[in-house]
2 protein chains.
Amino acid sequence: MSDLLERLRDRGWRLTAQRRVVAEVLDGDHVHYTADEVHARAADRLPEIARATVYNTLSELVALGEVLEVSTDGRAKRYDPNARHTHQHLVCSRCGTIRDVHPTGDPLAALPEQERYGFAIAEATVTYRGVCPNCNDS
Amino acid sequence: MSDLLERLRDRGWRLTAQRRVVAEVLDGDHVHYTADEVHARAADRLPEIARATVYNTLSELVALGEVLEVSTDGRAKRYDPNARHTHQHLVCSRCGTIRDVHPTGDPLAALPEQERYGFAIAEATVTYRGVCPNCNDS
DNA sequence: TCTTGACTTAGACAAAGTCCAATGTAGAGT
DNA sequence: ACTCTACATTGGACTTTGTCTAAGTCAAGA
């Protein structure tokens, strides 16, 4: 994700301090922050950054396909910078921790033609839910 | 779902007019209402029913395993009375329409042991996304 | 360095859901 | 049938998450 900023500039993005900071916060492969968490971490480096700017920047990154939106629980959406390699998510039903996982096979193949009701299906997302080792101990 | 009320009474539920109306709204197999839609439909029959009551009742039905919570889009959760037969969902990315679908095989089996990170995994939910025939025409 | 259109800001607004104190009532016990 | 009380409901305030807008700011091309 270190060359993200170059890729964005190539696409005509105006490179502002705010956007740089948001991109830096999302740097790292196994991170699944909410918009507010991104905002808090961005504000550590750039205290006056506005919530709206974080929301705007995240939406742009999602539209550009650089970041994935993940909503596992009907609460705040989370943002996943690991958009290059398709993967699924494993969520702890107690503490909410999220891990990237890689199931075998293609989930799309499991849906027979007569179960597609004429939809042009583009993707399948799988969410595994269970209790993580940490929460299991207590 | 017609014997739902008996099952609930057997479990010690107090049978109030409000709960009866919420259960009746959810009767029917291919229904995926939001809490507010449930509230609106319940209010047709029982105008003074409070939003909080609908939320309470829905949460109880979910806790009892009689109704499933589905959050496909990070917006309002939807409530699915078809909790007896496991199934997955197919969602139109334009209009949001939801259909129940039945993929072959067990998605849990696709996650290898070394990808489980010690979690005690309880379930896998699959969401297929695509454009429905209706939206494809326009 | 000047200019300009794109970007950011603060705060109001909106949607979805939770919480609480006051009030009402289903059903057990008589 | 009547009473009692624990449980359920109500309405409204509140919280969380996210969107919108008008006014100000600034990156980058000329």
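This is a predicted model, so every value here is computed, not measured. No hydrogens, no waters, no symmetry mates; every other heavy atom, side chains included, goes into these values. Below, chain A is the first sequence line, B the second, and so on; all start at residue 1.
- Along DNA chain D, the nucleotide closest to Lys77(A) and the one closest to Ala17(B) are compared, and the more 5′ of them pairs with Ala17(B).
- By the 4.0 Å N-to-carboxylate-O rule, Arg99(A) lies too far from Glu115(B) to be salt-bridged with it.
- The phosphate of dT18(C) has neither OP1 nor OP2 within less than 4.0 Å of any side-chain N or O from Tyr55(B).
- Side-chain atoms of His85(A) and Asp100(A) include no donor-acceptor pair closer than 3.5 Å.
- Taking atom CD1 of residue Ile49(B) and atom C1' of nucleotide dT25(C), one finds them 15 Å apart after rounding to whole Å.
- Side chains of Tyr33(A) and Arg41(A): a donor on one and an acceptor on the other come within 3.5 Å.
- Here the P atom of nucleotide dG24(C) and the CD atom of Glu48(B) are 13 Å apart, to the nearest Å.
- The distance from atom CG of Asp73(B) to atom C1' of dT17(D) is 14 Å, rounded to the nearest whole Å.
- Protein atom CZ of Arg11(A) is 20 Å distant from nucleotide atom C1' of dA28(D), rounded to whole Å.
- Note on Ala52(A): a base of the nucleic acid sits closer than 4.0 angstrom, heavy atoms only.
- Checking dG11(D), dA6(D), dA27(D) against every side-chain atom of Ala50(B), the shortest atom distance belongs to dG11(D).
- Separating the CG atom of Leu46(A) from the C1' atom of dA10(C) is a distance of 15 Å, rounded to the nearest angstrom.
- The residue Thr16(B) sits close only to the backbone: its heavy atoms come under 4.0 Å of sugar-phosphate atoms, none of a base.
- Dashed line: the shortest gap from a side-chain N or O of Arg19(B) to OP1 or OP2 of dT9(D) is under 4.0 Å.
- In terms of position on DNA chain C, the residue among Thr53(A) and Tyr79(B) whose nearest nucleotide sits closer to the 5' end is Thr53(A).
- Atom pair Arg78(B):CZ and dA15(C):P shows a separation of 15 Å (rounding to whole Å applied).
- Here dC20(D) presents its P atom at 10 Å from CG of Asn56(A), a figure rounded to the nearest Å.
- Of the candidates dT9(C), dT9(D), dG17(C), the closest approach to any side-chain atom of Ala76(B) belongs to dG17(C).
- Within the 4.0 angstrom heavy-atom criterion, only backbone atoms of the sugar-phosphate kind lie near Arg75(A); the bases stay farther away.
- Side-chain atoms of Arg14(A) and base atoms of dC7(C) include no donor and acceptor less than 3.5 Å apart.
- For the OP1/OP2 pair of dG24(C) and a distance below 4.0 Å, the side-chain nitrogens and oxygens of Gln18(B) include no atom meeting the criterion.
- Using the six-membered ring where Trp is involved, His102(B) and His87(B) have ring planes that are tilted, between 30° and 60° apart.
- For Glu69(B) and dA16(C), the CD to P distance is 15 Å, given to the nearest whole Å.
- Using a 4.0 Å cut-off between charged side-chain N and carboxylate O, Arg11(A) and Glu66(A) make a salt bridge.
- Checking dT9(D), dG17(C), dG18(D) against every side-chain atom of Ala35(B), the shortest atom distance belongs to dG17(C).
- At a threshold of 4.0 Å, the pair Glu69(A)-Arg78(A) does not count as salt-bridged, since none of the basic side-chain nitrogens sits closer than that to a carboxylate oxygen.
- On a pure distance criterion of 3.5 Å, a polar donor-acceptor pair joins the side chain of Arg51(B) and the base of dG17(C).
- Each of Asp36(B) and Trp13(A) was assigned the nucleotide of DNA chain C with the nearest heavy atom; the assignment lying further toward the 5' end belongs to Trp13(A).
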